[in-house]
There are 2 protein chains.
Amino acid sequence: MTQQRGSGATPTISQVAAAAGVSKSTVSRAFSRPEMITAETVAHVMDVATRLGYVPNHTARALSTGRAGTVAIVVPDIANPFFPPLIRGAQAAADQAGFSLLLGDSDEDPTREDVLVGKFGPQTDGIVLASSRMTEEQIRAHAERRPLVLINRDVPGLPRVLIDTATGIAAAVEHLAGLGHRHLVYVSGPTSSWSNAERRRAVRAAGRRLGLKVSAVAARRSTYDAGVQRVDDILGSGASAVIAFDDLLAQGILAGLAARGVGVPDQFSVIGCDDVLAATMSPPLTTVSAHGGHAGRKAVDLLVSFLDGNEGDERRVLDTSLVLRSTTAPPAVRRN
Amino acid sequence: MTQQRGSGATPTISQVAAAAGVSKSTVSRAFSRPEMITAETVAHVMDVATRLGYVPNHTARALSTGRAGTVAIVVPDIANPFFPPLIRGAQAAADQAGFSLLLGDSDEDPTREDVLVGKFGPQTDGIVLASSRMTEEQIRAHAERRPLVLINRDVPGLPRVLIDTATGIAAAVEHLAGLGHRHLVYVSGPTSSWSNAERRRAVRAAGRRLGLKVSAVAARRSTYDAGVQRVDDILGSGASAVIAFDDLLAQGILAGLAARGVGVPDQFSVIGCDDVLAATMSPPLTTVSAHGGHAGRKAVDLLVSFLDGNEGDERRVLDTSLVLRSTTAPPAVRRN
DNA sequence: GTGAAAGCGCTAACAT
DNA sequence: ATGTTAGCGCTTTCAC
């Protein structure tokens, strides 16, 4: 009972077979295993197929083979500029491997995320979980039922791709120290974010190593507004430079600083993270590159290779580096 | 041949039926139409089902019913900031209606778009096409085979949601005229974009009506870099204000202007479109709001209502308006 | 190299 | 209210 609106129904493999004067199997093979049959036969079948407008029915194939031909990706917030490039990379890799990409947005809510992944499970071959906010137990439970690849979440035993912002952050702290800064402040992002924990830790460690004082300000949400709202705290900390959890926050901080007449980089230095908006800010933001697109692509590649029977606990670490632009300079005596 | 990694294979409806001592139909009904059978039976079946860890197979159900439970959305470029909110709206609406959302990125390429839509056709209940670059013929051909809803593309007879930026643009031109500008320039975006044609037309019409001179500069691609690169042409046109196809372009123009020491809004006024980045720029950009999120949501709602048997040619127009921020002011004598 | 036939797991008439 | 029986469109042994 294929419900069909619009005009003509999509032809099935049987109709193509009939029209081409061959069997269903031949048509099937022409599409899935062309090397198994004569080149002429393939050509003929293809010819008839295209003339009839035949397109293989993905669902039927999935039922028959047990492979859905679909992978899902779930992210905390599509609108956060960190994710679109990542999704784009995932979609490209999926497409290339012959998979379709199902998209889920958990709205930063672990519960919604849990439901979403549960729902996707039965209808996909595997799932990519980006910046998951779920507990390790929840994640493991899902991994038990379906192949799962994590992005920016380090759960031993599960395949995962990690963007190693820690090294980039360390370089950022060194850069600041080299410029003469003695006191800096880290503005943190989402509490349950692995990346945030990594970055906070990296700032602290580098600060300690270089003998800098490191203050902390919690922004919690990663938004422009949260950034501008934290400016008073940032200025109040007495630091001369700030490292923000991500570019979005840094952008807000930049605006807030400007609104208070604090010049960047002359009176205050700021460094972001991810390099997703940095090039388009004024002044252009010094930031830590993240290559979200690579991560998305790599995650899907890992998933596909896992589906092909390869290792299931690979831990891929992606490099980052500091990219210098125009928001850092030697510290200045603060006017008040 | 259900391939299964992770733990034990998922039980099928038959196994549940056997274990519960009922027929497959009863189990099926217990899940899909519980009101058709005794409450006790339902309870018993459910009990056995959960004990066995049974989960209905989405794919099998889809094949049997002809409804995939999935809708697809294809966009020209996920990374263009106009689309994430739109996708987010679509995903939310789909989720709410019980559908999963398949995502496709055509990379601004009509051919890729065509292939993508063709591929999604058989595995979805319907498709949302945002800012399609395909020809009207191609679109109609797809609409013939699958329910289709267009966003920002006006094809008579097909359901579509249109963001009426023309009225917002007209307001922008009036605003500029009111400020005293006599000559403005429109920086156009993608050639095959319906929105671009609408906006260009609206600028021209309003300019004529108000007796303003209107020049044009082609940016073609909607990117920050394209914006900065067009600044010489913009300045060379002799205009005192610019209206850009979208915020991305406007952002680049702002940066390019700043780089040349042209003050905004004192020496030059700029207005963007879409309101996707405008609030986070410095100075905050005056722009035309677009509400991409609404459009995404509305499109999926239309699609779902279409699938439920309602009208298939609705034309939904979404309002826009000019939002004044800080990039416009009366024209100044240009220093050179 | 190609065809025939048996399913994949589920739903939906049609009985009973 | 529940069971029986065909398929949905495709892949895949197994013959030829």
Side-chain angles (χ1 to χ4, degrees), chain A residues 1-4 8-46 48-49 52-70 98 121-125, chain B residues 1-4 9-46 48-49 52-70 119 121-125 145:
Chain A
M1 207 193 91
T2 304
Q3 80 118 38
Q4 195 69 23
T10 310
T12 74
I13 204 173
S14 306
Q15 305 180 27
V16 176
V22 297
S23 72
K24 291 179 358 177
S25 333
T26 302
V27 177
S28 172
R29 289 194 264 254
F31 279 87
S32 331
R33 284 168 173 55
E35 73 283 0
M36 273 187 74
I37 60 187
T38 325
E40 308 171 33
T41 315
V42 175
H44 177 224
V45 170
M46 284 312 197
V48 176
L52 262 50
Y54 170 76
V55 182
N57 183 315
H58 201 96
T59 309
R61 180 184 308 206
L63 181 58
S64 185
T65 59
R67 313 188 106 240
T70 298
Q123 55 178 314
T124 56
D125 292 319
Chain B
M1 207 192 90
T2 303
Q3 79 119 37
Q4 193 72 22
T10 310
T12 76
I13 206 173
S14 307
Q15 306 180 27
V16 177
V22 297
S23 74
K24 290 177 0 175
S25 339
T26 301
V27 177
S28 172
R29 290 194 263 255
F31 279 88
S32 330
R33 283 169 173 58
E35 73 283 0
M36 274 187 72
I37 60 186
T38 325
E40 308 172 33
T41 316
V42 176
H44 175 224
V45 170
M46 285 310 198
V48 176
L52 262 50
Y54 170 76
V55 181
N57 182 316
H58 196 95
T59 308
R61 179 182 306 201
L63 182 58
S64 185
T65 59
R67 314 189 103 242
T70 298
K119 174 181 135 189
Q123 57 177 314
T124 56
D125 292 318
R145 312 183 132 268

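These numbers come from a predicted model, not from an experiment. Every chain is numbered from 1, with letters handed out A, B, ... down the list of sequences.
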Sugar-phosphate only, base, or nothing, as touched by A/T59 at under 4.0 Å among non-hydrogen atoms: nothing

Any donor-acceptor N or O pair under 3.5 Å, side chains A/S25, A/S28: no

Spacing between A/Q123 atom CD and C/dC10 atom P, to the nearest angstrom: 14 Å

Phosphate contact (D/dG3 OP1 or OP2) by B/S23 side-chain N/O below 4.0 Å: yes

Polar pair under 3.5 Å, donor/acceptor by atom type, side chain B/S14, base C/dG9: no

Minimum-distance nucleotide (side-chain atoms of B/T65 versus D/dG9, C/dT11, D/dT11): C/dT11

Heavy-atom pair of closest approach, residues A/A30 and A/V42: O-CG1, 4.3 Å

Options D/dC10, C/dT2, C/dT11, nucleotide nearest the side-chain atoms of A/A60: D/dC10

Minimum-distance nucleotide (side-chain atoms of B/K24 versus D/dC10, C/dT2, C/dT11): C/dT11

For the student: nearest non-hydrogen atoms of A/V22 and A/V27, plus distance: CG2-CG2, 3.8 Å

Nearest to side-chain heavy atoms of B/I37, which nucleotide of D/dC10, D/dT2, C/dT2: D/dT2

Rounded interatomic separation in angstrom, taking CG from A/L63 and C1' from D/dG7: 12 Å

Smallest separation among heavy atoms of B/A68 and B/D125, with atom names: N-OD1, 2.7 Å

Closest contact, heavy atoms only, A/T26 versus A/I37: O-CD1, 3.8 Å

side-chain N/O B/T12 vs C/dG9 OP1/OP2, d < 4.0 Å: no

For atom CE of A/M36 and atom C1' of C/dT2, their distance in whole Å: 9 Å

C/dT2 OP1/OP2 closer than 4.0 Å to side-chain N/O of A/T41: yes

Given D/dG9, C/dG3, C/dC10, the nucleotide with the shortest approach to the side chain of A/N57: D/dG9

Atom pair distance, as rounded to whole Å: CD1 in B/I13 and P in C/dG7: 18 Å

Which atom of A/P56 lies closest to which atom of A/F31, heavy atoms considered: CG-CD2, 3.8 Å

Neighbour count >12 (heavy atoms, 6.0 Å) for atom CD, B/E40: no

Nearest-Å distance for atom pair CZ/P, residues A/R67 and D/dT11: 13 Å

Within residues 25-33 of chain B: residues closer than 4.0 Å to DNA chain C (heavy atoms): B/S25, B/S28, B/R29, B/S32, B/R33

